[in-house]
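To start, the structure itself, in structure tokens.
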There are 2 protein chains.
Amino acid sequence: MAAEQDPEGRAAARPLLTDLYQATMALGYWRAGRARDAAEFELFFRRCPFGGAFALAAGLRDCVRFLRAFRLRDADVQFLASVLPPDTDPAFFEHLRSLDCSEVTVRALPEGSLAFPGGLGEGGVPRLEVPGPSLVATNAARLRLIAGPEKRLLEMGLRRAQGPDGGLTASTYSYLGGFDSSSNVLAGQLRGVPVAGTLAHSFVTSFSGSEVPPDPMLAPAAGEGPGVDLAAKAQVWLEHVCAHLGLGVQEPHPGERAAFVAYALAFPRAFQGLLDSYSVWRSGLPNFLAVALALGELGYRAVGVRLDSGDLLQQAQEIRKVFRAAAAQFQVPWLESVPIAVSNNIDEEALARLAQEGSEVNVIGIGTSVVTCPQQPSLGCVYKLVAVGGQPRMKLTEDPEKQTLPGSKAAFRLLGSDGSLLMDVLQLAEEPAPQAGQELRVWPPGAQEPCTVRPAQVEPLLRLCLQQGQLCEPLPSLAESRALVQLSLSQLSPEHRRLQSPAQYQVVLSERLQALVNSLHARASP
Amino acid sequence: MAAEQDPEGRAAARPLLTDLYQATMALGYWRAGRARDAAEFELFFRRCPFGGAFALAAGLRDCVRFLRAFRLRDADVQFLASVLPPDTDPAFFEHLRSLDCSEVTVRALPEGSLAFPGGLGEGGVPRLEVPGPSLVATNAARLRLIAGPEKRLLEMGLRRAQGPDGGLTASTYSYLGGFDSSSNVLAGQLRGVPVAGTLAHSFVTSFSGSEVPPDPMLAPAAGEGPGVDLAAKAQVWLEHVCAHLGLGVQEPHPGERAAFVAYALAFPRAFQGLLDSYSVWRSGLPNFLAVALALGELGYRAVGVRLDSGDLLQQAQEIRKVFRAAAAQFQVPWLESVPIAVSNNIDEEALARLAQEGSEVNVIGIGTSVVTCPQQPSLGCVYKLVAVGGQPRMKLTEDPEKQTLPGSKAAFRLLGSDGSLLMDVLQLAEEPAPQAGQELRVWPPGAQEPCTVRPAQVEPLLRLCLQQGQLCEPLPSLAESRALVQLSLSQLSPEHRRLQSPAQYQVVLSERLQALVNSLHARASP
């Protein structure tokens, strides 16, 4: 019940959010007397998404939350009983009721690490979820690499995410991957993602201009002095602005101006204008300037404008020119640098254009193309049994693509003397770790012969995070993991980091692991 | 609190799963004295997904569940207070606490109806979600059209869906669109989707063959007579099977056979063999036959085999041949028709091949390509304000793609004398409905002149489902909506139903609606 009352606990995946075959297999294991056998599973992936050479590990917090909350409630067991054979032994359902994470061990890449095709995380019972590469986090990291460090990136894909809660995951991992904020309030409440947002076109178009606010007065920012009728003040400024821009004072839409005044009354310190409900040049921009200058007289500074249609780069350049001219004309220097935010189906290509040298765009809102990953909407992860009771297991299907690597494993990242990443090596858990400065013989995937490598540094990749159900160390915060993403990307060499046709990063096998693979192959094919 | 204890209520989207600008705009409206103004919003989409000419409406149940449960809890209001300006009037937060659905009216297309680019659903307050076209349901319907009515389609995309709960939505709408079942247990528990699943490769590879089940005995299906050691019986049958197939009795993997026996002991009436953990021909198939024939001796019939790699169509043809020959050899006629299930990254093209005339495949499991819709992972829906206080509103941006249709509307579907769909017509809510047999003048989108149509039947499209927060009629069950999908598709003419390069279905405007659009344009562009 504690989980029910805690929003974080409530956000944990429910135990029946699983494939039915996990329940049928559980009955199969139980009937075979093997329900308490220790098993190790491993999650990995075979190809990096989006044609890149890296992915980001993410999901550890969700995994740990799920495991620690794992308990089948009465209603869950009753539902399983309704879909399993009617003559199933009632003792099996007692067994299900007793299941929790108290015998589960999880080793995993730290949240936000670079992940490459190869072994990632392991756990101690069947039916264990482990964290893996995150498509959305990887996608967000690519978009951040394209945007460069200066542009502010806002994730606004909630309405395009899958189902009511798909958006929570997408917003969280967009932030992890390098976005600055999200429009998704729940991601702020439950995950601590910074949230952002101002107004929609419907707010603007809902005003006709004939509305009378109950309290039109706004006090000066400093708090001293009498309040001012903001709408009246904006009307005065409108005449100056229209004269400056060469527009008739009737041209700007009065409803749009009323909407801006209403928003400014509610958010005098955070006024932003959405410019393209009617005409940017003949309505949105002069109305914004009139309200921003009226606010300015009271000591408030507008925080931005937003565009959601048309040629965003081109309009931003022209708006910046207007801001500079108006700043000079009306002697309000801060107006020059009012941030310009843009959105409207921005993908990697459009982002590259908006981020080019000299662009006047400051904030970029991305929805669909960060949360749905249209370049590649899914990542084929594989979650396989690698050992039972300490004995290695391997899927030796005739399809070489679907074979797995047997045994309980350790993984190390080898670095060169300049701190750059050389390769990852997978080996059996019982092997000694590679030593810095010592030559190592390893097998690249599919190679006929081993090669040698002499790493300057060796980093263990998998951290023990849950042991017998107990958290081994506090999980890093989302913001800490987000910082690790940027640090990790900086260690990646440019040929692995580039987004188009990168060099492939190698994940190699130790000699002993390769020998185990060979021996299991030989045993299966007499 | 009732919602917290009810799994359906718990499945409702939480009120803060929304964009922050909904909260900032709410403050803006409140500060402007307009928080209680009645507003109408409309959801529509501009282009059908996947290059087709239809989409399916879905989401009404989720929408109603969300609305009826809508209440901001203290923690929600506190979070909003933390992200809104610190000097926000406390009375605004009291206003937020008072919000519920008691003034909300929703009209919508019935769940599972055909939806075309045009107006869909309306509601009575800002911040209302309304149901719209479902990408996953539309995708599932396409896959069903390709598969034909006979093949059984299993959705198994849980692990590829976005985030922990994205899968619940995907499984539900896959079923709605025409799938037969899902692997997702939660979709069964919460939504009543039939669930299915048997065993994974890990179950097979977890057995070495040396395991001894605590109780190896299986009683006959009829319940009479002594139990039999199933493993021993399968071993005897293995010799017959290997002799028949020309295999050495040592070739089939003993661990795989032990796994099949364990599964058969747990599910004697629902035994299915997963054939490709090792070698289909030298191990999976003979082991399956041995266990199935042992079960058959006890009066049980195996329910299927499954393949997850290789050329699925080709293997199914050969497996069927083996089944026929073994059925004759061992005089067990039911073996001929044991269903063959296949899976492995099946997309529309692969499905068309598997569904071709003469295919021996009976059950098709589809994961990634039904839940992530890789052909088009998102659908650009638009949710716009169309009226405030009964006055029409319209977004008149300079980008014609982004303009909206103003006013409170009704929608009708016009049918020809043969019952086929002619076109949909949007009109103002106050206009009289089109009459069957009477000529009607309508404006196709972008046309310079109206055209005329004489419908043989006229069906109103939008149903009143929520009025002042009260449900107007019971919502149809998921299975009823699923049946409506198939009925609706059958009414669509073949040129609109075909999946590649279909004819576009027209959604036209009434003369009065077209005149309103023109007058609002004229007013905005003096």
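Letters go in sequence order (proteins before strands), and every chain restarts at 1.
- Using a 4.5 Å cut-off between heavy atoms, A/A196 touches chain B through its backbone atoms (N, CA, C, O) alone.
- In terms of heavy-atom pairs under 4.5 Å with chain A, the best-connected choice from B/L199, B/V83, B/D87 is B/L199.
- For B/D76, the parts lying under 4.5 angstrom from a heavy atom of chain A are both the backbone and the side chain.
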Stepwise, does the side-chain contact (heavy atoms from CB on, under 4.5 Å) test hold for A/L158 with B/L17?
-> CA-CA 8 Å; A/L158 177 57; B/L17 189 72; 3.9 Å; yes
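- No part of A/S182 comes within reach of chain B, as not one of its non-hydrogen atoms sits under 4.5 angstrom from that chain.
- Top candidate by heavy-atom pairs under 4.5 Å with chain B, chosen from A/P214, A/G255, A/G33, A/S283, is A/P214.
- Under 3.5 Å, the side chains of B/R34 and A/S206 contain a donor-acceptor pair of N or O atoms.
- Looking at heavy atoms from C-beta onward, A/F267 lies in side-chain contact with B/L84 at the 4.5 angstrom threshold.
- Separating the CG atom in B/L154 from the CG atom in A/L20 is a distance of 9.5 Å, to the nearest 0.5 Å.
- With a 4.5 Å cut-off on non-hydrogen atoms, A/Y173 does not touch chain B at all.
- Both the backbone and the side chain of A/Y21 have a heavy atom closer than 4.5 Å to some heavy atom of chain B.
- The distance from the NE2 atom of B/H201 to the CZ atom of A/R393 is 15.5 Å, given to the nearest 0.5 Å.
- With chain B as partner, the option from A/S183, A/P213, A/G28 having the largest number of non-hydrogen pairs under 4.5 angstrom is A/S183.
- Going from atom CZ of A/R31 over to atom CG of B/L265 covers 4.5 Å, rounded to the nearest 0.5 Å.
- Options B/V388, B/V261, B/D215 differ in how many heavy-atom pairs under 4.5 Å they form with chain A, and the most are formed by B/D215.
- Residue A/L80 touches chain B through its side chain alone, counting heavy-atom pairs closer than 4.5 Å.
- The aromatic rings of B/Y29 and A/F207 sit parallel to each other, their planes meeting at less than 30°, with 60° as the upper class boundary.
- Between atom OG of residue B/S202 and atom CD of residue A/E42 there is a gap of 13.0 Å, rounded to the nearest 0.5 Å.
- With a 4.5 Å cut-off on non-hydrogen atoms, A/A200 touches chain B through its backbone and its side chain both.
- For the atom pair CG (B/L385) and OG1 (A/T205), the distance works out to 4.5 Å, reported to the nearest 0.5 Å.
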Go through the steps for B/T24 and A/F203 under the test side-chain contact (heavy atoms from CB on, under 4.5 Å), then give the verdict.
-> CA-CA 10 Å; B/T24 56; A/F203 187 85; over 6 Å; no
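- Ranked by heavy-atom pairs under 4.5 Å with chain B, the list A/P194, A/A264, A/A266 is led by A/A266.
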Could you walk me through whether A/T198 and B/M25 pass the side-chain contact (heavy atoms from CB on, under 4.5 Å) check?
-> CA-CA 7 Å; A/T198 52; B/M25 290 191 289; over 6 Å; no
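- If you measure heavy-atom distances from B/S208 to chain A, the contacts under 4.5 Å come from both the backbone and the side chain.
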